[in-house]
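Here the structure is a predicted model, which means the values were calculated and not measured. Proteins come first, then strands; the chains are lettered A, B, ... in the order of their sequence lines, and each starts at number 1.
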Amino acid sequence: MKFTDKFKYTLLKVIDLSGMTFLSPVIRLCYGEEPKVQLQKIGQWILVPIAGVLAFLFLWHVTSGSIKTKSGTLPNPEQTWRGYKAINAHAERENLKMEAYDIVGEEREEMLADARLQLSLVAPRVVSTNAEVTRAKEAIEIETKALIEPLDTEYKEKKSEFKATALERKEFLILAAESLPLGNVEAYEKFLAEVKAAESHNEADKDELSLLKKEIDKIREIKSPDVADALNEQTLAAEEQQFLMKQIELLSDRNRAIQVEAATGKILDYKKDFLSLTGKDAYAKARTIAREQSRLSKMGDSSYAKPATIWYQVKRSVFCVFTGFLIGTAIAVPVGIFCGLNSTFMAAMTPFIAIFKPVSPIVWLPIALIVVSGLIPDPDNNPFIEFLWDLPFIGVYKINPAFIASAVTVALCSLWATLANTALGVASIDKDYINVARVLKLGFFARLFKIVIPSALPLIFAGLRISLGVGWMVLIAAELLSSSEGIGKFVWDQFNNGASDSLAKMMVVVFLVGIIGLILDRIMIVFQRLVTFEGTVSV
Amino acid sequence: MAILEVNNASVSFGPISNRYEVLNDLNLKVEENEFVAIIGFSGAGKSTLMSLLAGLQKATSGKVLFKQKPISEPRPDLGIMFQNYSLLPWLSVLDNVKIAINAVQPKLSKSALDEKAHHYVKMVKLDHAVDKKPQELSGGMRQRASLARTLSLDPEVLLLDEPLSALDALTRSELQDQILNIWEKNKRTVVMITNDVDEAVLMADRIIPLTMGPAATLSDEFKVNMERPRNRHTLNDHPEFMRLKSEITAFMMGLNQESKKGTGDVIPMPKVKPKSFSLPVMSPTFKQNPVPVKNSSNVA
């Protein structure tokens, strides 16, 4: 076989394994294999989905404008994309700030000069965007004024007219009342009817006025896209300016090296003074020096207090879902195996499985939170938490009770699929394999690990795949409720933030969560295929 | 002294009310180092007989003895080779053999285990495919791997359950030669089930026909008085071979006709009733289901 052919089959094998079969016609086409068939397949499995996505984007673009919310209309694809860029810019800026805090020597000088240059470039942009916002606002004001003015005059005219007619009616009726003949019921009834008619006239007039008023308010509420765009530009420029100022600060006064240098200098001065003092003053100076020195040593290994960025939150969420998933698997697989092996045990477990399976994460989470906080009442001084924070790789994720509660919730909600599938896989093992085990007289553990588990693996992995998918869905809700740093908390923060682009940022999360879920699913598919053999039970 | 003995054994399945008798009053004696072929039609209960001999199936009545002792459960010295290979698909050929050797000799060192496994794989001429998974092998290769696994148990009795019936004619004759070769080199007791008269005459010392099921039993044996090694190429000119072949074939055909006569040409049809989708009546009814009328004018 030629090398290129070998490469081709390796590629096709990998594609098949990862379940991305839509790519295989592309590879085959590149090797000139039945171009007509491949083009047809490409059309069906690549072009049609792309067309579907485009159609979706178009529909989204068209309809989003008509869904009005308190914070503007539903963001269209473009605004959502801008939301993504804003989220990403925040993450990048935080990284730069951290760098600025740590940087020393000539590099610091260079970075500082660069930041100052950028700041000088941004300043006119800030001015111009501010001016643009004022201009746009004025423009819309003039426009609305022109629209409102005739309505307003009409409103005022009608109001005074109605007032006058109402007064007229009132006076007329009072006059009529004065000449009512006592004892004449008919006349009294007639008078009552007249009053009623007059009142309903008044009501009708009021309704007409309020309709007009509503129309005017509606015009006032109209949000001009120009203003929104100008505001957007203004925010972008202001944010950049603010960032650059902060960066410059971190590069100069608040830079760690600079701070350390300043403190060292100060201590040296203090020491000089100290040597020339005696008595009470000497004691006071000595104390100051001691305090300054301890501050200096702390400053030496301090780092920039970086707020959570989206990518950190994504990583923490993924870490949390895998933690929960592993806890769930550690429970579900052994229990599932025992259920599959022993029908009596299965019968004993069935009520628990049936009752706990449909329980929502919203119920599990508060319980998990309370239990975990009960076990770890003082997280700041808990040896277990301290141990976790000191671990390499996972230490940065600062595992706290909210994290553990979220992971436990994920485990409790996701383990059922694995449990059921493991039990099924173990129970439905091929009789031939059991016969082999019987002939070989394998002991319990040999039978379990050499025959039962390998033959049940495809179904176990099918269950794990479902579990991970469920876990990922549950986790976002759990993080949102428990305020465990992660994607869910990001959504919650945006919801409470209520800035003009908050909604767009939440829409970004929809895609982010979807794409990560897709990747997790693909990973599980690969594992599932690796353990599936011809002739074994699979889904 | 017979090494394997079956005394008046019967096997039946199903609940007492609807018992299906597969084997009835079966008697068999197999001497040490003898090659016995059991021949029968498909569905006669051959595999049940094999499970009985291997200890995978308990006799409803009667006894199955191995070295005068009743067989209570399957054991490695009764090495059975399954009809459908039964290789573990997640293990390579070598590992399939190793798991068997490990079960018989758990104290073997790693290198000795490896050597032994390679020896058996080589014996069935699969040494080029030791690391292949069963799904990557052809039917013949799978059967050879299965044979290697069974041989690696070093069983005193080799039970071959239609080992070659799923193979094409060429592979089949090649494997027949291989099995015979191995057997002649290292004599042991073999009971082979087959549905091929030629195969039985070529390989066995004795041929015992199994009558048609249900309630099948073994009928009178045919002794194969032919010198070994037998040459398949000159076999067709051998008068004894031709005589035995025609005799057994005639006997088997007779069995077939007899069995058809016995059941009176009526093929029992499954009792199919239309499904009722009406709601079940909640109050208990004590009516019995109407007894289905046997339709004797069924298609023959």
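Heavy atoms only, all atoms of each residue included: B/Leu78 and A/Val439 are closest at O-CG1, 4.5 Å. Considering every non-hydrogen atom in both A/Asp432 and B/Ser86, the closest pair reads CB-OG, 3.2 Å.
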message = Between A/Val436 and B/Arg149, is the side-chain contact (heavy atoms from CB on, under 4.5 Å) condition met? List the steps.
response = CA-CA 10 Å; A/Val436 170; B/Arg149 182 175 66 185; 3.6 Å; yes
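Other residues, nucleotides and ligands place more than 12 heavy atoms under 6.0 Å from the NZ atom of B/Lys187. The environment of CZ in A/Phe7 is sparse: at most 12 heavy-atom neighbours from other residues, nucleotides or ligands sit within 6.0 Å. Atom CZ of A/Phe527 is surrounded by 12 or fewer heavy atoms from other residues, nucleotides or ligands within 6.0 Å. Within 6.0 Å of atom CZ in A/Phe445, 12 or fewer heavy atoms from other residues, nucleotides or ligands are found, so the atom counts as exposed in its surroundings. Within a 6.0 Å radius of CD in A/Glu33, more than 12 heavy atoms belonging to other residues, nucleotides or ligands are found. The environment of NZ in A/Lys41 is sparse: at most 12 heavy-atom neighbours from other residues, nucleotides or ligands sit within 6.0 Å. Sparse packing is recorded around CH2 of A/Trp45, with 12 or fewer heavy atoms of other residues, nucleotides or ligands lying under 6.0 Å away. Shown here is A/Phe345, whose CZ atom has more than 12 heavy atoms of other residues, nucleotides or ligands within 6.0 Å.
Residue B/Ala100 touches chain A through both its backbone and its side chain, counting heavy-atom pairs closer than 4.5 Å. For B/Asn102, the part lying near chain A is the side chain, with the backbone staying farther off; criterion is any non-hydrogen pair under 4.5 Å. With a 4.5 Å cut-off on non-hydrogen atoms, A/Leu440 touches chain B through its backbone and its side chain both. For A/Ile451, the parts lying near chain B are the backbone and the side chain together; criterion is any non-hydrogen pair under 4.5 Å. With a 4.5 Å cut-off on non-hydrogen atoms, B/Leu56 touches chain A through its backbone and its side chain both. Contacts of B/Leu91 with chain A are absent, with no heavy-atom separation under 4.5 Å from either backbone or side chain.
With B/Trp90 contributing its side chain and A/Thr532 its backbone, the two residues share no donor-acceptor pair below 3.5 Å.
Between chain A and the options B/Pro155, B/Pro76, B/Gly79, B/Pro106, the largest number of non-hydrogen pairs under 4.5 Å is found for B/Pro76.
Atoms CZ and NZ, on B/Arg75 and A/Lys441 in that order, are 6.5 Å from each other to the nearest 0.5 Å.
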